Protein chains: 2
Amino acid sequence: MGLILADDILARELQEVQHEVDAAFDSLLPVPQDSRRTLIEAMRYAAIGGGKRVRPLLLTAVASMHGVSRESAIRTACAVEAIHVYSLIHDDLPCMDDDDLRHGKPTVHQAFDEATAVLAGDSLHALAFEIIAAPETSTDPFVRSELVYTLAIASGYNGMAGGQMMDMAAEVEELDLHTITRLQQLKTGALLGAAVELGAILGRVPREGRALLRNYARDIGLAFQIADDLLDHDGDEQKAGKALRKDFEQGKQTFVSVLGPDRAREQAEALIEQAIGHLSAYGKEADLLRAVARFVVERDR
Amino acid sequence: MGLILADDILARELQEVQHEVDAAFDSLLPVPQDSRRTLIEAMRYAAIGGGKRVRPLLLTAVASMHGVSRESAIRTACAVEAIHVYSLIHDDLPCMDDDDLRHGKPTVHQAFDEATAVLAGDSLHALAFEIIAAPETSTDPFVRSELVYTLAIASGYNGMAGGQMMDMAAEVEELDLHTITRLQQLKTGALLGAAVELGAILGRVPREGRALLRNYARDIGLAFQIADDLLDHDGDEQKAGKALRKDFEQGKQTFVSVLGPDRAREQAEALIEQAIGHLSAYGKEADLLRAVARFVVERDR
């Protein structure tokens, strides 16, 4: 797997979540016998068997701390992951980042074609909301509509899509550290934060209690992005399964270009300690979340 | 306006809905003072001031038959219209239908660029779910989650996106009338049906009562598509505000190519009579829906 694992519980849990998310997508995406076949095959190609499943891991970890059924947690995790996967498909398009490789295999528009990639992304986006609005996810309609509302904001122009737009502007504008932080809080932080928050919503954690978990998510989100920038700067393309050093070659400002690799690494480690600090109200039941926090900066892909 | 209007109520109502939807989008999409500015400007460019607003008209007509507040109806109508507008932005992309004109002005990827068009579509897609999951749309969380579930299915691979995929296949495959009907029921029928159904959900019409309205929507959806095919076959590009005769030039099968223009027109008229027949349980309160049914085949753009 090429991961430096913080501990055994994390390794086992990560494998379990990967398996469950794959199985859930497999049953959510039956292949129809009409001309939509290729569309669903493209959705399956992107959604099944790829990715680290960090967001599902975060969501299920928070959900299990609050006694949520595994089925509810995995369905909701699939919704968040469907949003993540759709965003990767669209970000990889020729008119966006123009990437040929993702998770070590051809991107969707390479394996299929561009039109199919646009529609597969759009269909995964819709699927996310279909999954969490269904009674199978939670019998409580208030929980379902809270899940939808939180995920929709994290996905749209005040979240991930807005961050991607700022990121495109970063290729041509000079950005300071404050702006890069804000950009990354939207581009990757919003969905990581939503993963944690959706787990807490399923667990009926009141809004005040969710604030601590959101702070945890905000800190690991930034640390995660710094780790990604470091990976882009000095990682191994083989292990990463995608092209690296693109940001550097395009002269794009990142945490590493602004802070330098050493200060960036220190900053990521400080954020992880801060993230773990937000969990001080929890006992052993939050050990998995603590392990996840360390994992996000130690991963090498 | 270039419309042949069935009656005065319809003309007044259509204008009113157009005005209210524009005003709602204007307040839902404030332009931020950061590098997301262009993204929100592109969303506004596509969402405000264009289109006939047939879906909002249908939704508000059904909602007002069932005593729904105007604010709830217009917010929900904006959600359905946001899905419609996002689908037009993506369908117009060079890798899809490659259109330069929409509602008489340059398409989003022409007025901005392709990457902005992809993200503006994605952001409108997310916005739709954000709007209807918000308590401002309905204080009843059951209503909110029903709205989301119904709209998500209509938008995804079992609805609009699936229909668009079948439509792309129609450019290279021979299709029979049954398959064209199925394709169009997904591509345009699903979202028109959702507009009617969302109005009924807001009005707490039970599932059985919604079936009649769904049948009405299914019939006018097909009639609407036949009218669109006829427009593509012998319409005026100036009035339509978009390129016509593309389907014919690409040798794509449509209702008109399979049935011929005369039988297609007869078929559309029969569907409208059938649609109006589904409303026989309603009295004068359904007169607007009856007028809408006639309007969809008489429009010339």
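Treat the numbers as computed from the prediction; the structure is a model and nothing was measured. Below, chain A is the first sequence line, B the second, and so on; all start at residue 1.
- Side chains of A/Leu39 and B/Met166 form no contact here, defined as non-hydrogen atoms less than 4.5 Å apart.
- For A/Ile40, the part sitting under 4.5 Å from any heavy atom of chain B is the side chain, from C-beta outward, and nothing else.
- In terms of heavy-atom pairs under 4.5 Å with chain A, the best-connected choice from B/Pro94, B/Pro135, B/Pro141 is B/Pro141.
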Atom pairs (donor, acceptor) spanning chain B and chain A, under 3.5 Å:
unit_1: B/Leu28; atom_1: O; unit_2: A/Tyr157; atom_2: OH; d: 3.1
unit_1: B/Arg36; atom_1: NH1; unit_2: A/Tyr157; atom_2: O; d: 2.9
unit_1: B/Arg36; atom_1: NH1; unit_2: A/Asn158; atom_2: OD1; d: 2.9
unit_1: B/His90; atom_1: ND1; unit_2: A/Asp122; atom_2: OD1; d: 3.1
unit_1: B/His90; atom_1: ND1; unit_2: A/Asp122; atom_2: OD2; d: 2.8
unit_1: B/Asp122; atom_1: OD1; unit_2: A/His90; atom_2: ND1; d: 3.1
unit_1: B/Asp122; atom_1: OD2; unit_2: A/His90; atom_2: ND1; d: 2.7
unit_1: B/His125; atom_1: ND1; unit_2: A/His125; atom_2: ND1; d: 3.3
unit_1: B/Arg144; atom_1: NH2; unit_2: A/Ser145; atom_2: OG; d: 3.2
unit_1: B/Ser145; atom_1: OG; unit_2: A/Arg144; atom_2: NH2; d: 3.2
unit_1: B/Tyr157; atom_1: O; unit_2: A/Arg36; atom_2: NH1; d: 2.9
unit_1: B/Tyr157; atom_1: OH; unit_2: A/Leu28; atom_2: O; d: 3.1
unit_1: B/Asn158; atom_1: OD1; unit_2: A/Arg36; atom_2: NH1; d: 2.9

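- Contact annotation for A/Ile153: both backbone and side-chain heavy atoms come within less than 4.5 Å of a heavy atom of chain B.
- For A/Met160, no part lies near chain B; criterion is any non-hydrogen pair under 4.5 Å.
- The residue among A/Gly156, A/Pro32, A/Ala115 with the most heavy atom pairs within less than 4.5 Å of chain B is A/Ala115.
- For the set A/Gly163, A/Ala120, A/Cys95, the count of heavy-atom pairs under 4.5 angstrom toward chain B peaks at A/Cys95.
- Contacts between A/Met168 and chain B at a heavy-atom distance below 4.5 Å involve the side chain alone, from C-beta outward.
- At a 4.5 Å heavy-atom cutoff, the contact between A/Leu29 and chain B is made by backbone and side-chain atoms alike.
- Using a 4.5 Å cut-off between heavy atoms, A/Ala169 touches chain B through its side chain atoms alone.
- Contact count versus chain A (heavy atoms, under 4.5 Å) is highest, among B/Leu183, B/Val148, B/Leu186, for B/Val148.
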